[in-house]
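Here's the structure, in C-alpha cells; my notes come after.
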Amino acid sequence: MNVKAEPVHAALETIPAESPGAPRGDDNSSLRADILEKLTYYVGKSTVTASDRDWFVAVALAVRDRVVDRWIASTKATYENGAKRVYYLSLEFLIGRLLFDALNNLQLTDPVRAALEELGVDLDRLRTVEPDAALGNGGLGRLAACYMESMATLGIPAYGYGIRYEHGLFRQALKNGWQQEYPEDWLSFGNPWEFERPEVVYAIGFGGTVEAEATSDVMVRSVWKPAEVIEAVAYDTTIVGWRGRHVNTLRLWSARASHPLRLDAFNLGDHVGAFADRMRAESISKILYPSDETPAGQELRFRQEYFFAAASLQDLVRRHMKVYGDIRTLHEKVAIQLNDTHPTIAIVELMRLMLDTYDIAWEEAWEITQKTFSYTNHTLLPEALESWPVPLIERLLPRHMQIIYLLNAFHLDAARSKNPGNDALLSSVSLIDESQGRRVRMGQLAFAASHRINGVSALHTDLMRQTVFRDLNTLLPGRIVNKTNGITFRRWLHQANPGLTKLLVEAIGPKILDDSMELEKLKPLADDAAFREKFLAVKRANKVALAKVIQEQIGIRVDPSSLFDVQIKRIHEYKRQLLNILETIALYDAIRAQPTRDWNHRVKIFAGKAAPSYHQAKLIIKLANDVARIVNSDPTVRDKLKVVFLPNYNVSLAEAIVPAADLSEQISTAGMEASGTGNMKLALNGALTIGTLDGANVEILENVGDDNIFIFGLKADEVEARRREGIDGTANISNSPILAEVIEAVESGVFSPGEPGRFGSLTNALRHHDYFMVTADFDAYYATQRRVGDKWRDTAAWGRSSILNVAGMGWFSSDRSIAEYAEDIWDVPVRY
Ligand code: NBX
Ligand code: IMP
C-alpha cells in the first residue's frame, strides 16, 4: 500500500511490557537487519544467491516476528480477562496471499519497501511469488477469510478452525478453450506463516462399536470403541487485525496416522503395504473438494467433516476446561459458528462429549448445545442441501448415529405435540429424510441445534423463512436472522487499490481507513469535475495495469479506454455466464451488421472455475473461449469488442481485476444467489453493477441509488411463477429476433466450425428446459446493456455514478457484518 496512513485516530496500542520477545523495531534499519538475519540464518542463503522466493521467506519471517509479539499479548489478554471466545468452524478458508495483509495491517508496507530498496530488492516482485492459500471454492470460503480479518480488527477473541489441505483448489488451465485441472501445490516450498504444533494433537476415531458400561448400580454410560484412530495435528496461522490491535489464530488440522508404519509388514518385506494405513489416514487432509453448491457425497468428504469438527471440539473443550473446569458453563464462554452445514457433525460430537465423557443429562446437554451453536446458511438450492446416508453414519460414527436418532425422536415429539396430525410438517422438519433411502439432513440438524440461523442477505433470509426452513421456523420461531455479508476493506480497497485509497484519504481524510461509513463524505465530490478527473485517472491506471496482465497471460491486447465489462466468479448455470455470452454474440452480430457505426469499445472479461464434474459449466467455459477466438480475430471488429477469458481465477487475480472494472455483471437468476460478495468488491472499487434483484444486489441498489445501478429482469417471485407455468424457452426465443439469431448462430457452428453440435446441450436447454430463465431475461438484459452503453458515452455521468457507488458501499464492510454477529448471535463485545 502506498498510502501514508498516519495513525491519527486509533494509535497503535503499545505491546504490553511483559511481552516476551525483545521488541522489534519498525524503522528501516531494524527491518533491514532482521530481513538479512532471516535470509542468512533461517533460509540459509546469502544476498548473492538468494532468489525472490528466498527473499519472500525472509521478509515473511521478519514480519511474522512482529505479529507474534502482538499475538501472544492478545492471547494472554483473553485468558486474563476471561473473555468469551468465538470459534468459526469452516471447511474452507480462501485466504489468498498473506504478506500484504500483515504489512498493511501493521503499517509496515512503506518501511519494508524502503528497507528492501536499500538491499536492491523490489517488494512488489516478492509479493507475486507468494502462492495463494486457496483452501476454498468461492464465496463461502472467501467470506470466512474476510470474517477472520474483521474479527481480529474488532478485537474479538476468535479462532478459525479448518483443514490444512495439502492441495487447495485445483489450478485451472485452458487447452483449446477447455478447462483442464491440475493439482495445486501451495506448500511445496514451505509456508513461512504457519506454526506447526506437533504437541497439539488429538485422536479422532472412526467405526467400531458402542458398548454400555455400568457406572453405578443405576447408571449406564455409552462407550464408543472406534475401530480406527487417526491423529489431528494443529498448524496455527496468525490473523492480524487492522493497525495490529489484536491478533487471532487460524488453526488448521492435518491428518496423520497414529502408527506411521506397520513394522510387522515392513520386516516381512512388504515395504509398500507397511505404509498403507498411513496413506489412508493422511488422505483426509490431502485435498479440498472442488465442488461448490453441490455436495460431494463421498465418504472421504464426510470423514473430513468429522475429522476437523472432532479435533476442533476437543481443542476448544480442553481450553474451556483448563480455565473454567466446568463444561456446564461452555455457552457462557464459547460461541461456535457453523459456516454452512459442513461442520454440523460438531453438534453431535459436543452432545456425545457431554453425555458420555462429562455425564451431563440429556436435557441440559441439549440446552447448552443450542446456546453454544449457531449456523449460517449459504444456499437454498435443494440439490445443494447436505444430507448423509444413515448407513454411512452408522458405520463410521455409530455412537453419533444413536444420538441423532434420539435427537430426532425428541424433536419430532415436540413437533407432534404442537402440531397434532400434521404429517407433512413432521416429515419436513424431521432430521431424517425418508424419501430416497434414509438420510440425515444436516440443515435440519444444524437448525434444531442452533439459537440463531442466519441468511447472508435480506432477500435470502426472507426466502429461507418462506422455503427450506418454513416449517422449522414455525416450530422454532424467532431463530432466523439476517446478517448480510460483507468484505474486508483492508484487502479489497486499501491493498487491492492503493491508488484509489490514496485519493480517498486526500479527498475526505484518513478516517476512512478506520471507519468505512466515512465514505459517504464522498457524495458531494461526485459533482466536482476536478475530483472526477482524478478519480477516473486512478481507474485508468488500474485498467492499464490489467491490460498488461491480460497481454502477459493470454497474449491479447486490449484498449484501456474501452469499457471493461467484468464477470468473475465460479462458473454456474444459475450465475448465468451464458446470458452474458449470448449478449456478447448479439453485440458481435450487430457490429458486423453495421461495422462503421460509432460503437463503444468494450472488453468482456470472464474468469472462473467450473467444478471438474460439472459438464454444462465446462461447456460454458468452452463457449466463452470459442466466442473469444472468433470475435478477437475478426478484422471488422477490432477494438470495438474483445472477449477475454483469464485462466485460473483466484484471490490474487481478483485483486488485479476488481480495481480495473467498469461494469460488474451480477446477473444470477433471481432467488438463486444467496448474497454474492464479488458484487460488493466491484462496486466498492467504482464499477457500476448490471444485475438482477438477487442476493445483496438488492441492498447495493438501496445504498447506491437506482440512478447508479442497472437493474433488470424477473424478480424472485416472478421466476417462481414462471417456473410453475413451465420452463420451455421456445416462445421467448421466437418473440426475440435477436436471441433467435444468436442461438441459431451457436447451433450452426459459427463458433465451433466443423462441430455444430458442440453446444447442443446448452442450446437444447435454452429451447426446452430453461430452468435458469436465460431466454426469459434475455431481452431485458440486452436492452439494459444498451443503456449501459449510452451512459458510458457520457463520461461525466459515468464518473459521477462510479463515485456514488464507492460512496455508498461503506455499509458492506465485514466489520459491520461481524459487529452484527457479535451483538445478535455471539453476545461478545466489539472494540473499534
Ligand atoms: O456463499 C456462496 C453463495 O453462493 C454466495 O451467494 C454467497 O455470497 C457466499 C457467501 O455467503 N456459496 C458458496 O460459495 N458455496 C460453496 O462454495 C460451497 C462449497 C462446498 C459445498 C457447497 C457450497 N459443498
Ligand atoms: P491454548 O489456548 O491452550 O491453545 O494455548 C495457546 C497459547 O495461549 C499458548 O501457547 C500460550 O501462549 C497461551 N496461553 C495458554 N494458556 C494461557 C493462560 O492460562 N494464560 C495466558 N496465556 C495462555
Side-chain angles (χ1 to χ4, degrees), residues 16 18-20 68-69 71-83 85 87 90-94 135-147 157 159 161 169 195 197 199-200 202 234 236 238 247-249 251 288-298 301-302 304-305 312 314-324 339-344 376-381 383-387 442-443 454-457 459-461 483-487 569-570 572 574-575 609 611 666 668 671-681 694-697 812 814 817:
E18 54 288 27
S19 175
V68 167
D69 289 335
W71 186 30
I72 289 172
S74 296
T75 308
K76 195 158 176 286
T78 304
Y79 271 98
E80 279 165 10
N81 58 32
R85 292 174 172 85
Y87 293 98
S90 179
L91 224 40
E92 307 195 0
F93 289 91
L94 187 42
L135 310 184
N137 273 284
L140 173 154
R142 184 54 233 178
L143 188 76
C146 284
Y147 280 4
Y159 294 73
Y161 276 127
L169 188 62
F195 293 87
R197 303 291 190 208
E199 77 286 6
V200 182
Y202 297 101
D236 290 344
T238 57
V247 181
N248 280 326
T249 307
R251 175 160 279 185
L288 164 78
Y289 273 92
S291 54
D292 65 331
E293 308 293 344
T294 43
Q298 280 108 350
R301 168 71 177 197
F302 185 68
Q304 289 184 334
E305 295 186 356
S312 308
Q314 287 188 60
D315 195 40
L316 72 87
V317 166
R318 169 197 58 81
R319 189 172 296 113
H320 180 78
M321 293 304 289
K322 181 174 79 176
V323 181
Y324 301 102
N339 196 21
D340 216 289
T341 56
H342 317 146
T344 295
T376 305
N377 171 280
H378 296 269
T379 184
L380 302 169
L381 312 186
E383 70 274 21
L385 298 174
E386 212 184 3
S387 71
M442 304 313 261
N454 78 285
V456 290
S457 71
L459 173 66
H460 167 67
T461 308
K483 296 285 162 270
T484 297
N485 285 166
I487 57 175
K569 49 182 81 249
R570 286 297 288 248
H572 244 285
Y574 85 80
K575 293 178 187 281
K609 293 173 182 175
Q666 307 300 337
S668 52
M672 300 194 79
E673 188 71 273
S675 162
T677 44
N679 48 1
M680 301 168 190
K681 293 162 195 169
D694 199 15
N697 294 353
F812 295 91
S814 45
S817 311

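Being a predicted model, the structure only gives us computed values, none of them experimental. Only heavy atoms go into these numbers, but all of them, side chains included; no hydrogens, no water, no symmetry mates. In listed order, ligands and their atoms are each counted from 1. Each residue takes its place number in the sequence, starting with 1.
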Between ligand 1 and [X], can you find any atom pair, the residue atom being a heavy atom, that is separated by under 4.0 Å?
{"X": "R301", "result": "yes"}
{"X": "N485", "result": "yes"}
{"X": "Y147", "result": "no"}

Parallel, tilted or perpendicular, as decided by the 30° and 60° cut-offs, for the rings of W71 and F195: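 F195 and W71: tilted rings.
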
Output, or 'none' if empty, a list of ligand 2-protein atom pairs in which both atoms are N or O and the distance is under 3.5 Å, rounded to 0.1 Å.
residue: ligand 2; atom: 2 (O); partner: Y79; partner atom: OH; Å: 2.3
residue: ligand 2; atom: 2 (O); partner: R319; partner atom: NE; Å: 2.6
residue: ligand 2; atom: 3 (O); partner: Y79; partner atom: OH; Å: 3.1
residue: ligand 2; atom: 3 (O); partner: R318; partner atom: NH1; Å: 2.9
residue: ligand 2; atom: 3 (O); partner: R318; partner atom: NH2; Å: 3.4
residue: ligand 2; atom: 3 (O); partner: K322; partner atom: NZ; Å: 2.7
residue: ligand 2; atom: 4 (O); partner: R318; partner atom: NH2; Å: 3.0
residue: ligand 2; atom: 4 (O); partner: R319; partner atom: NE; Å: 3.4
residue: ligand 2; atom: 4 (O); partner: R319; partner atom: NH2; Å: 2.8
residue: ligand 2; atom: 16 (N); partner: K322; partner atom: NZ; Å: 3.2

Selected option - heavy-atom contact closest to atom 20 (C) of ligand 1, from G138, S291, G136: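 The nearest heavy atom belongs to S291.
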
Y79 six-ring centre to R85 NZ/CZ under 6.0 Å and within 45° of normal: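 Flagged: R85 positioned over aromatic ring of Y79.
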
Ring-face cation contact, F93 with R142, 6.0 Å cut, 45° max: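 Here R142 fails the 6.0 Å and 45° test against F93.
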
How far is [atom] from its nearest protein heavy atom, and which residue and atom name does that atom have?
{"atom": "atom 6 (O) of ligand 1", "value": "E673 OE1, 2.6 Å"}
{"atom": "atom 14 (O) of ligand 1", "value": "L140 N, 2.9 Å"}
{"atom": "atom 21 (C) of ligand 1", "value": "H342 NE2, 3.5 Å"}
{"atom": "atom 17 (O) of ligand 1", "value": "D292 CB, 3.4 Å"}
{"atom": "atom 7 (C) of ligand 1", "value": "G676 N, 3.7 Å"}
{"atom": "atom 15 (N) of ligand 1", "value": "E293 OE2, 3.5 Å"}
{"atom": "atom 19 (C) of ligand 1", "value": "E92 OE2, 3.4 Å"}

Partners passing ring pair (Phe, Tyr, Trp, His ring centres under 6.0 Å) against Y574 (at least two apart in sequence or in another chain):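 Testing Y574 for ring pair (Phe, Tyr, Trp, His ring centres under 6.0 Å), a comparison that skips the adjacent residues, returns H572.
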
Rounded distance [0.5 Å steps], CG in N377 versus NE2 in H460: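 One finds 4.0 Å between CG of N377 and NE2 of H460.
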
T376 and N454 side chains, donor-acceptor separation under 3.5 Å: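 Yes, a side-chain donor-acceptor pair sits under 3.5 Å.
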
Candidate pair R251 and Y87, rule side chain to side chain donor-acceptor pair (under 3.5 Å), full reasoning: CA-CA 10 Å; R251 175 160 279 185; Y87 293 98; over 6 Å; no

Stepwise side-chain contact (heavy atoms from CB on, under 4.5 Å) check, N485 with Y147: CA-CA 9 Å; N485 285 166; Y147 280 4; 3.6 Å; yes

